[in-house]
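Quick notes on the structure that follows.
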Amino acid sequence: MTRLDCSAAPLRRRTVLQLAALPALMSVAAALSLGPAAADPAADGGWGATLVTATGTPLGGEMLKGKPYAVYFGYMSCPDVCPTTLADLTLLFSQLDASSFRDAAHDFRVYFVSLDPERDNPGQLQSYLADNFDRRIIGLTGSAEAIATVARTFRAVFKRTGDGQSYALTHTASTFLVDRNGRLASKMPHGGPLDRKFEQVTALLAN
Amino acid sequence: MTIRNVAFAALATAVLATPAAAAEIAKGDIVITDPWARATPKGAAVGGGFMQIDNKGTTPDRLVGGTMPLAGRFEVHEMKMDGDVMKMRPLADGLTIPPGGSVTLKPGSYHVMFMDLKEPLTEGATLTGTLTFEKAGTVEVQYEVRPLAATAPGAPKAPTEHKGH
């Protein structure tokens, strides 16, 4: 299968997951480096691991085949790019609802994958998203290992900085857009005009 | 959004931004201009504070800490975008303000972090806190809380970019 073939995955040319300082993640990364290449979402749409929604439902990329969706990797203690991205996505949903893409937008989901399972518990993640942002933004969490695997699948980078309770996370700030065949269609950069994001998402929904 | 709504939003923004534009606090050689904080989502543990800091003196000074009553802890962080990666790190030794120079704390760059928030930072509120400089000492600042999606003082991103289709 393509997903097990290093050379076949075009996105593999970039060095991906920087090792997190978290010892658990370091051991996972070490284990991954000995194993097969990271899963390519272009293969069967799978993420290489199954996550769980903030309300407790298991979810993997292969379960989303046939539905375009978006993925963002962030964390609740993120002061800037994560909440502003979520606020932008919420505005984007209201724009979509007011457009001819209303029906497609109804079933469109954005998955917010917590990169900080140590601090972001599922209940808090659920209320953080539900109380503040569009309900179509779904929180995902899981074991540190599963989260690292899914990030690796998307070539999303994350790395812990600082010590003790005050650590921060360096992470990819773009939102990944995945088409209905499970392929990575494009990435929406953090910030920038909402109109451009609207164009990217409607292109995804129309495809 | 219609032209009329855009104009109204711009007017509302201008009115709201007026008092903040005048906010300038001096302590020793340090001048702090237009401190503001971003509103936080409910349940968020952290918030960010932003401002311009000028050093009118002839020696470097350093922002080494501060307080804010709604925050359990206070830190100074550096953030920068490297491609599509947001790089963030706590500045354990503080933030140096060069003599005769200026450092702007802004989204996507340096910021003060309000950690362990006891309650959300609410848009429109004014938060009184302190900043501590190695040489200039401790100064009281008032942060105006601006909308979550704002990217710059007086320029909320959401209304201006939320054009109709």
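Predicted model only: the values in this text are computed from it and were never measured. A note on names: the letters A, B, ... follow the listed sequences, proteins ahead of strands, and every chain is numbered from 1.
For F50(B) and W36(B), the gap between ring centers is short of 6.0 Å.
Between the D61(B) side chain and the E134(B) main chain, a donor and an acceptor come within less than 3.5 Å of each other. Side chain of R146(B) to backbone of E144(B): no donor-acceptor contact under 3.5 angstrom is found.
Both the backbone and the side chain of M88(B) come within contact range of chain A, with heavy atoms under 4.5 Å apart. Neither the backbone nor the side chain of P189(A) comes within less than 4.5 Å of any heavy atom of chain B. L169(A) touches chain B through its backbone: at least one of N, CA, C or O sits under 4.5 Å from a heavy atom, while the side chain does not. Only the side chain of Y75(A) comes within contact range of chain B, with at least one heavy atom under 4.5 Å from a heavy atom of that chain.
Heavy-atom contacts from other residues, nucleotides or ligands closer than 6.0 Å to NZ of K135(B) number more than 12.
Per-residue counts of heavy-atom pairs under 4.5 Å with chain B were compared for Q124(A), M76(A), H171(A), R119(A); the largest is that of H171(A). Note on M79(B), M86(B), E75(B), R73(B): by heavy-atom pairs under 4.5 Å with chain A, the leading option is M86(B). The residue among M81(B), R89(B), K42(B), H111(B) with the most heavy atom pairs within less than 4.5 Å of chain A is K42(B). Ranking A45(B), G48(B), P90(B), G43(B) against chain A, the residue ahead of the rest is P90(B), based on heavy-atom pairs under 4.5 Å. Options P41(B), G83(B), G108(B) differ in how many heavy-atom pairs under 4.5 Å they form with chain A, and the most are formed by P41(B).
Residues T141(A) and S114(A) bring no donor and acceptor atom of their side chains to less than 3.5 Å of each other.
A cation-pi arrangement is found for R160(A) relative to Y167(A), the charged atom lying closer than 6.0 Å to the ring centre and inside a 45° cone about the ring normal.
Across R135(A), R102(A), R136(A), a single residue satisfies salt bridge (Lys or Arg N to Asp or Glu O under 4.0 Å) together with D97(A), and that is R136(A).
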